[in-house]
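Take a look at the structure set out below.
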Amino acid sequence: MDTSVICPRFESAISILSQRWTGLIIYQLLSGPQRFSKLTEVIGISGRLLSERLKNLEAQGLVSRTVYPETPVRIEYELTEKGKSLKPVMDEIQSWSQEWIEAPPETTAETK
């Protein structure tokens, strides 16, 4: 592999994945379709920022949005086939992190 020249496709892929929160959103959606509120709760991201990231992922063809005409309206997000194809990448990052990244210190009610 010639690393002296960066492939534009590789650069674009890294640009997408390196946006803050994007990897966590993809990782969370690997477990299946989820509602907006669940994503904000589990990931710990603001609604405004999550909305922005989901729109970007939709534009990239990684996430699809389904609106269910119920009262109240239910909206779910899920990975497309393109998004699901990132599973091996995410699994490898997970494995790498377990081996090489030190666990953050435990937080307790006293330290918050």
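- Residue pairs meeting the salt bridge (Lys or Arg N to Asp or Glu O under 4.0 Å) criterion with at least one partner in residues 6-17, sequence neighbours excluded, do not occur; the list is empty.
- The salt bridge (charged side-chain N to carboxylate O under 4.0 Å, His left out) search around Arg48 returns Glu52, not counting sequence neighbours.
- Here Ser31 pairs with Gln28, Gln34 under the side chain to side chain contact (heavy atoms under 4.5 Å, CB included) rule; sequence neighbours left out.
- Taking the salt bridge (charged side-chain N to carboxylate O under 4.0 Å, His left out) definition, one finds that Glu70 meets it with Arg74, sequence neighbours left out.
- For Glu102, the side chain to side chain contact (heavy atoms under 4.5 Å, CB included) criterion is met by no residue, not counting sequence neighbours.
- Using a 4.0 Å cut-off between charged side-chain N and carboxylate O, Lys38 and Glu41 make no salt bridge.
- A search for side chain to side chain contact (heavy atoms under 4.5 Å, CB included) contacts involving Trp100 returns Trp96, not counting sequence neighbours.
- Among residues at least two apart or in separate chains, there is no salt bridge (Lys or Arg N to Asp or Glu O under 4.0 Å) pair with a member in residues 13-27.
- Looking at residues two or more places apart in sequence or on another chain, you find no salt bridge (charged side-chain N to carboxylate O under 4.0 Å, His left out) involving Glu99.
- Test Leu57, Leu30, Ile25 against Leu79 for side-chain contact (heavy atoms from CB on, under 4.5 Å) and you get one pass: Leu30.
- For residues 53-67, the set of pairs meeting the side-chain hydrogen bond (donor to acceptor under 3.5 Å, both in side chains) definition, not counting sequence neighbours, comprises Gln19-Asn56, Arg65-Tyr77.
- Side-chain atoms of Leu50 and Phe36, non-hydrogen and from C-beta on, do get closer than 4.5 Å to each other.
- In this view, Lys87 and Asp91 satisfy the salt bridge (charged side-chain N to carboxylate O under 4.0 Å, His left out) rule, not counting sequence neighbours.
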